[in-house]
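Taking it in order: structure first as structure tokens, then the write-up.
Numbers restart at 1 for each chain; the letters A, B, ... are given by sequence-line order, proteins then strands.
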Protein chains: 2
Amino acid sequence: MQRLVLKELPRYECLVEAAKQFPDLNPSVCEAFMHLIRAGDEVSRVMDAHFADHDITHGRFLMMMLLIEKKGTACARPSTPAELADLASVSRATITGLLDTLERDGFVRREPGTDDRRQMSVHLTPEGQAFMHGLLPEHFRLVNDLMGNLSEHERATLAKLLTKISTKAVACGVARRQETSAAELPATIHI
Amino acid sequence: MQRLVLKELPRYECLVEAAKQFPDLNPSVCEAFMHLIRAGDEVSRVMDAHFADHDITHGRFLMMMLLIEKKGTACARPSTPAELADLASVSRATITGLLDTLERDGFVRREPGTDDRRQMSVHLTPEGQAFMHGLLPEHFRLVNDLMGNLSEHERATLAKLLTKISTKAVACGVARRQETSAAELPATIHI
DNA sequence: TGTTTTTAGTAAGGTGGCTAACTATTTCTC
DNA sequence: GAGAAATAGTTAGCCACCTTACTAAAAACA
């Protein structure tokens, strides 16, 4: 499902106009920011359309990607709902909902855990595995196509710049949580 | 509302491993792609958290941004639900839902159109206008902060690279629609 | 042993989509 | 001018993907 975004980015001159009204608005910063939002949205739409061709959604795809059997041992594979929730940064309740639909469609199988009876162990079924093997070649070709206008060097530059932004975004999140925690201290602490 | 994304991107060596299984997978392409998805998601989360502080959501914010009074005449302002829907590339039904909640909260006012009795004219109320004027300074400062690790030159580079990707994504969408249209022609046409 | 924490899942609610159908109005065609 | 077609906004129903609060059971801790 898509977030609302503008079909067209505002013209630069509109940003400059708006900056007269809102002095904190830096037109070139805003422009770059909006390019990021837009590009992210548009590639997501392309991927989602491909998923829809196969009657699957982004969320379910990600679950199956996490569960897919991997050759070699370099990359761990989660197996409990809590592990999936942690990797995807969502609540267990969300995972339950996703797994419910995947189980309903025969793509995953849940079994009680062996060590801990509270736990469930989650696996792709052979059907789920086959489904992913059928989907992924074209998925990766689509990714290649989307990035096809960028040289290897440009892709590396892009990754570097985006990492700078992500780092900043994460820092905003951390600073925000500290701010929130401080606000929640009883007033008497400040004596 | 966020889409499911991985908390951590897979390590490059995991991509290389996976490429052995899926030959279409190009590790460096995939890596850049995932950086885009992640960065987009993370900045969205930061913005959404700020919106939540003011009891508003991304979709409602965008509606109000489109409706906000603008000094000068360089930038048109939409005024009907259909115009909003067109600018945001969603259905009129979706706009109805968003406007319902904004009207409920006193931020927008709907009036019958003057020229065409099918239409509604939509405006920010003074309360809505004041709300946005209260929110936007910090919003723009947040944007500046998020992009703060990038120089002016880097921002221009980023915008250029992202535009290349957006262009490709849009082309994928166009190609897809042509493909779909061709598939829908009656079989007899091919004689 | 008793208390606290953890696990998966349920219930309830929200956001932001969609489609199809509807009603009223406007535009188009003959 | 009459009727058909298109348009505008809304309604109803559905979906995906969240959240929090809660439950029962199990595990960990003191």
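- In the set dG9(C), dC18(C), dT10(D), dC18(C) carries the atom at the smallest distance from any side-chain atom of V90(B).
- Here the P atom of nucleotide dA16(D) and the CG atom of L62(A) are 16 Å apart, to the nearest Å.
- Across dC17(D), dG16(C), dT10(D), the shortest atom-to-atom separation from the side chain of R60(A) is found for dC17(D).
- Looking at residues two or more places apart in sequence or on another chain, you find no salt bridge (charged side-chain N to carboxylate O under 4.0 Å, His left out) involving R38(B).
- Between the side chains of T125(A) and H123(A), no donor N or O sits under 3.5 Å from an acceptor N or O.
- Here salt bridge (charged side-chain N to carboxylate O under 4.0 Å, His left out) pairs that include residues 24-33 of chain B, with residues two or more places apart or in two chains, are R141(A)-D24(B).
- One atom, CG of L99(B), and another, P of dT11(D), lie 12 Å apart when rounded to the nearest Å.
- Within 4.0 Å (heavy atoms only), L98(B) reaches sugar-phosphate atoms of the nucleic acid but no base atom.
- Under the ring pair (Phe, Tyr, Trp, His ring centres under 6.0 Å) criterion, no residue pair touches residues 79-102 of chain A, with sequence neighbours excluded.
- Comparing M120(B) and V5(B) along DNA chain D, the residue whose closest nucleotide (by nearest heavy atom) sits nearer the 5' end is M120(B).
- For residues 157-166 of chain A, the pairs satisfying side-chain hydrogen bond (donor to acceptor under 3.5 Å, both in side chains) are T163(A)-H35(B), K164(A)-E154(B), S166(A)-E42(B), with sequence neighbours left out.
- Against DNA chain C, the stretch residues 122-130 of chain A makes no heavy-atom approach under 4.0 Å.
- Partners of E111(B) according to the salt bridge (charged side-chain N to carboxylate O under 4.0 Å, His left out) rule, which considers only residues two or more places apart in sequence or in another chain, are R109(B).
- When the P atom of dT7(D) is taken as reference, atom CD of E83(B) falls 15 Å away, rounded to whole Å.
- Not counting sequence neighbours, the partners of R110(A) by the salt bridge (charged side-chain N to carboxylate O under 4.0 Å, His left out) test are D100(A), E103(A).
- Panel note: side chain D105(B), backbone F107(B); no donor-acceptor pair is recorded below 3.5 Å.
- If R110(A) and S89(B) are placed on DNA chain C by their nearest nucleotide, the residue sitting closer to the 5' end is R110(A).
- Residue pairs meeting the salt bridge (charged side-chain N to carboxylate O under 4.0 Å, His left out) criterion with at least one partner in residues 49-58 of chain A, sequence neighbours excluded, are D53(A)-R176(B).
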Shorter than 3.5 Å, N or O on both sides, protein versus nucleotides 20-22 of chain D: list them out with atom names.
none

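- For D86(B), the side-chain contact (heavy atoms from CB on, under 4.5 Å) criterion is met by K7(A), not counting sequence neighbours.
- The side chain of T80(A) places an N or O atom within less than 4.0 Å of a non-bridging phosphate oxygen (OP1 or OP2) of dA8(C).
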Would you list the protein and nucleotides 23-26 of chain C atom pairs, both N or O, that sit under 3.5 Å from each other?
{"from": "dT26(C)", "atom 1": "OP1", "to": "R117(B)", "atom 2": "N", "distance (Å)": "2.8"}
{"from": "dT26(C)", "atom 1": "O4'", "to": "R118(B)", "atom 2": "NE", "distance (Å)": "3.4"}

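- Here dT10(D) is the nucleotide among dA8(C), dT10(D), dG16(C) with the atom lying nearest to any side-chain atom of T96(B).
- Here dG14(C) presents its C1' atom at 16 Å from NE2 of H58(B), a figure rounded to the nearest Å.
- In this structure E138(A) satisfies the salt bridge (charged side-chain N to carboxylate O under 4.0 Å, His left out) test with no other residue, sequence neighbours excluded.
- The distance between atom CG of L84(A) and atom P of dA8(C), rounded to the nearest whole Å, is 9 Å.
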